Amino acid sequence: MDIATNVSQVRLGDRPLVVCDIDEVVLEFLTPFTAFLRSHSYDLLPRSFRLYGNIVSLLDGSELDRDAVDSFEEVFFANQHLWQKPAEKAVETLQSLSADADIVFLTAMPPRHHGIRREFLNQLDLSFDLIATEEPKGPVVARLHDGRSLPVAFIDDMQRNLLSVADHVPECLLLTMMANADFKPFAPPPVGNIVAAAGWDHAAELLRAHFSADVLKGASPAA
């Protein structure tokens, strides 16, 4: 497969498209990031659905300011291959789905870390196209799908990304999923057409039902 850094490098087949976030969906993020912070005498506390304001010193309990949080996150992503691991059932489920659909990874991680993540995903046998961008995800998915008359789905843990895709690709199946159990209770409840997937087994069921429903719709005789 092509190693994509932008939409123009992705080549889709004549089959469904699944666009998938990485952190907290394909790879664990909050759990390994917490372990990383603890190795530097800080901790991430599950008090709300955010990083800022929830990272505290293990020495005096003081909160880490935004700039320091960003600095820690930068170091973490530069060394992600040493800390992150696949979410439960992510690898085998994506490999199975890829027999029937094109898989494209879309991550909001800073593009400068694309190479490290690309190599790490390849090591996990997840060699699907990867786009790393900090722009809104809705327009990116719209450019990928390009109005095709084929099923399209998007999986993410952040509601703003799901709503962005809903605005730009209204026919898209929207799945929210999160690997970390401690922060999941603080996630906003699904709104609109967003469907919560309990894990990768459930996500696969929802995706295959979406693909089948589209096939049946296309096979229905005209009224």
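Keep in mind that what you see is a predicted model, and the values were worked out from it rather than measured.
Note on M158 and V104: separate hydrophobic clusters, where clusters join Ile, Leu, Val, Met, Phe, Trp and Tyr whose side-chain heavy atoms are under 4.5 Å apart, directly or indirectly. Under the 4.5 Å side-chain heavy-atom criterion for ILVMFWY residues, a single connected hydrophobic cluster contains both V7 and V165. The hydrophobic cluster containing V169 also contains V10, counting ILVMFWY residues as joined when their side-chain heavy atoms lie under 4.5 angstrom apart, directly or transitively. I155 and F49 fall into different hydrophobic clusters, where Ile, Leu, Val, Met, Phe, Trp and Tyr residues are linked whenever their side-chain heavy atoms come under 4.5 Å apart, directly or through other members. V69 and V56 are not part of a single hydrophobic cluster, where members link through side-chain heavy atoms under 4.5 Å apart.
One finds no salt bridge joining K89 and E205 here, because no Lys/Arg side-chain nitrogen approaches an Asp/Glu carboxylate oxygen to under 4.0 Å. At a threshold of 4.0 Å, the pair D129-R118 does not count as salt-bridged, since none of the basic side-chain nitrogens sits closer than that to a carboxylate oxygen. Using a cut-off of 4.0 Å between Lys/Arg side-chain N and Asp/Glu carboxylate O, E74 and R112 are scored as salt-bridged. Under the 4.0 Å criterion applied to side-chain N and carboxylate O atoms, E63 and R50 are not assigned as salt-bridge partners. By the 4.0 Å N-to-carboxylate-O rule, D102 lies close enough to R15 to be salt-bridged with it. Here D21 pairs with K137 in a salt bridge; the nearest charged N to carboxylate O distance falls below 4.0 Å.
Using a 3.5 Å distance cut-off with no hydrogens or angles, the side chains of T176 and D156 do not pair a donor with an acceptor. If you check the side chains of S127 and N122, you find no donor sitting under 3.5 Å from an acceptor.
Side-chain contact check for W83 versus S39: some heavy-atom pair is nearer than 4.5 Å. Residues F120 and L126 have side chains not in contact (no heavy-atom distance under 4.5 Å, counting atoms from C-beta outward). Residues R117 and I22 form a side-chain contact, since some pair of their non-hydrogen atoms from C-beta on lies under 4.5 Å apart. Within the 4.5 Å cutoff, the side chain of D100 has heavy atoms near those of the R208 side chain. Residues L58 and L37 form no side-chain contact, since every pair of their non-hydrogen atoms from C-beta on lies 4.5 Å or further apart.
The ring of F72 has its center closer than 6.0 angstrom to the ring center of Y42.
Side-chain atoms of E24 come within 3.5 Å of backbone atoms of L30 as a donor-acceptor pair (strictly under, hydrogens ignored). Although no hydrogens or angles enter the test, the distance criterion places a donor-acceptor pair under 3.5 Å between the side chain of R47 and the main chain of G53. Remark: side-chain polar atoms of E28 are not paired, donor with acceptor, to backbone N or O of K85 under 3.5 angstrom. No donor-acceptor pair closer than 3.5 Å links the side chain of E171 to the backbone N or O of G147. Side chain of S98 to main chain of Q95: a donor-acceptor pair is present (N/O by atom type, distance under 3.5 Å, no hydrogens or angles). Looking only at distances, no side-chain donor or acceptor of D43 sits under 3.5 Å from a matching main-chain atom of L45.
With F105 as the partner, the side chain to side chain contact (heavy atoms under 4.5 Å, CB included) test is satisfied by one option alone out of L27, V25, V26, I131: V26.
Across all non-hydrogen atoms, the minimal contact from G13 to L150 is O-CD1, 4.4 Å. Residues I103 and F128 share a closest heavy-atom pair of O-CB, 3.5 Å. Closest of all the heavy-atom pairs between G138 and H168 is O-CB, 3.6 Å. Scanning both residues, A132 and H114, for their nearest heavy atoms gives CB-CD2, 4.1 Å. Between T133 and P111, the shortest heavy-atom contact is CA-CG, 4.1 Å. The two residues I116 and A78 make their nearest non-hydrogen contact at CD1-O, 3.4 Å.
Taken from SG in C172 to CG in D167, the straight-line distance is 12.0 Å, to the nearest 0.5 Å. Taking CD1 of I194 as the start and CG of L162 as the end, the distance is 4.5 Å to the nearest 0.5 Å. One distance of note links CE of M109 with CZ of F76; it measures 11.0 Å at 0.5 Å rounding. For the atom pair CG of L64 and CG of D70, the computed distance is 9.5 Å after rounding to the nearest 0.5 Å. To the nearest 0.5 Å, the span separating CG on N79 from CZ on F36 amounts to 7.0 Å. Summarising the geometry, atom CG belonging to L17 is positioned 7.5 Å from atom NE2 belonging to H145; distances are rounded to the nearest 0.5 Å.
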ask   = Going through the distances and angles, do D23 and F77 end up as a side-chain contact (heavy atoms from CB on, under 4.5 Å)?
value = CA-CA 11 Å; D23 293 304; F77 279 130; 3.7 Å; yes
inquiry  = Pair E119, H81 - check side-chain contact (heavy atoms from CB on, under 4.5 Å), show working.
reply    = CA-CA 9 Å; E119 183 176 352; H81 58 294; over 6 Å; no
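The 12-atom threshold is not exceeded at CG of D14, counting heavy atoms of other residues, nucleotides or ligands nearer than 6.0 Å. A 6.0 Å sphere centred on CZ of R148 holds more than 12 heavy atoms belonging to other residues, nucleotides or ligands.
In this pair, F33 and F29 present their aromatic rings parallel. The plane angle is below 30°, not in the 30 to 60° band.
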